[in-house]
Amino acid sequence: ARIVVMQDNSLVAQKPNLALRDPSGKIWEDSSGLHWVDPASQEVWDYNVQISKEIIDLGFDELNFDYVRFPSDGTLQEIGYPFWSGTTPKHEIMKQFFAYLTTKLKEYNPQIVLSADLFAYNFLTGMKYDSVIGQHVEDAALYFDVVAPMIYPSHYLPLNFGFENPAEHPYEVVRGTLEQGRDKILKVRGRAVIRPWLQAFDMGAVYNKEMIDLER
């Protein structure tokens with residue numbers, strides 16, 4: 001079961017006090033017109049724990065958490081956070097959430113598998129994008145059973161891995177990303193369960209069967 005966490009139009013509609021705001025006081029929207037809740041809110045954490053428990057009770061054997069992060073696009077400089085003070089680093093907020101969420105759910109059902117979707121860029125050595133969204137690969141690896149980077153070669157920048165158009169080189173991009181991410185995770189955990197999301201859509205290049213096979 002996939003659970004979208006911090007980007008949540010439904011929760012914002014029910015609890016507008018949890019929503020990110022723009023300078024005028026209106027509910028902030030990202031570049032897709034979607035609403036976000038404050039990742040530092042304890043109420044947001046408890047809400048997602050409760051939803052997760054209900055899903056476990058329905059019989060699912062794995063919960064896959066997506067959007068476990070701060071916003072990444074839109075007018076980020078205009079966001080007002082009702083709970084986050086701005087002084088605690090974003091990755092520390094997310095690490096606290098990872099610990100809280102997984103501890104509560106493992107106590108509820110020790111057998112449940114918990115996975116987290118991460119920006120694949122954070123797997124790369126020397127990348128600082130985690131300061132924008134608050135995702136540290138090493139932190140997620142401490143608490144989740146599975147780390148799932150979204151490795152879409154079309155989303156990489158020119159000259160990543162030395163290619164003008166990384167989308168045309170799926171094998172090298174996927175392998176290189178996984179190798180760098182594995183090294184990061186193994187520094188904090190004795191084993192690394194990495195299950196990547198792979199590109200199966202046309203962007204940057206035509207992804208036919210041969211191109212998709214190269215990702216594997």
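Please read these numbers as outputs of a predicted model, since none were measured by experiment.
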**OP:** Take Val5 and Trp45 through the side chain to side chain contact (heavy atoms under 4.5 Å, CB included) test and state the conclusion after the steps.
**Re:** CA-CA 9 Å; Val5 181; Trp45 295 9; over 6 Å; no

Looking at [atom1] of [X] and [atom2] of [Y], how far apart are the two atoms once the value is rounded to the nearest 0.5 Å?
X	Y	atom1	atom2	result
Leu142	Glu138	CG	CD	8.5 Å
Tyr207	Gln199	OH	CD	4.5 Å
Ile79	Asp22	CD1	CG	10.0 Å
Ser52	Leu105	OG	CG	5.0 Å
His91	Ile133	NE2	CD1	12.5 Å

If we only count heavy atoms from C-beta on, is the [X] to [Y] side-chain gap below 4.5 Å?
X	Y	result
Phe83	Val44	no
Phe144	Val113	no
Leu159	Pro166	no
Leu114	Val146	no
Pro71	Leu76	yes
Val174	Ile151	yes
Ile194	Pro149	yes
Phe65	Asp117	no

**OP:** Establish, yes or no, whether a centroid distance under 6.0 Å links the rings of Phe201 and Tyr152.
**Re:**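 Ring-ring flag for Phe201/Tyr152: true, centres closer than 6.0 Å.
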
Original post:
Do the two ring centres, one from Phe70 and one from Trp84, sit under 6.0 Å apart?
Top reply: yes

Original post:
Is atom CZ of Phe161 surrounded by more than 12 heavy atoms (other residues, nucleotides or ligands) closer than 6.0 Å?
Top reply: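 It does: Phe161 CZ has more than 12 such atoms within range.
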
**OP:** Count the heavy atoms of every other residue, nucleotide or ligand shown that sit under 6.0 Å from NZ of Lys187, and state whether that count exceeds 12.
**Re:** no

**OP:** Examine Tyr171 and Leu198 and state if one hydrophobic cluster contains both, with Ile, Leu, Val, Met, Phe, Trp and Tyr joined whenever side-chain heavy atoms are less than 4.5 Å apart.
**Re:** no

Original post:
Looking at Arg21 and Asp38, does any basic side-chain N land under 4.0 Å from a carboxylate oxygen?
Top reply: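 Not counted as a salt bridge, because no side-chain N and carboxylate O are separated by less than 4.0 Å.
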
Subject >> Residue pair Lys184, Glu179: steps toward the salt bridge (Lys or Arg N to Asp or Glu O under 4.0 Å) verdict >> reply: CA-CA 9 Å; Lys184 284 187 175 185; Glu179 287 178 342; over 6 Å; no

**OP:** Take Lys15 and Glu43 through the salt bridge (Lys or Arg N to Asp or Glu O under 4.0 Å) test and state the conclusion after the steps.
**Re:** CA-CA 10 Å; Lys15 299 277 189 175; Glu43 187 173 353; 3.4 Å; yes

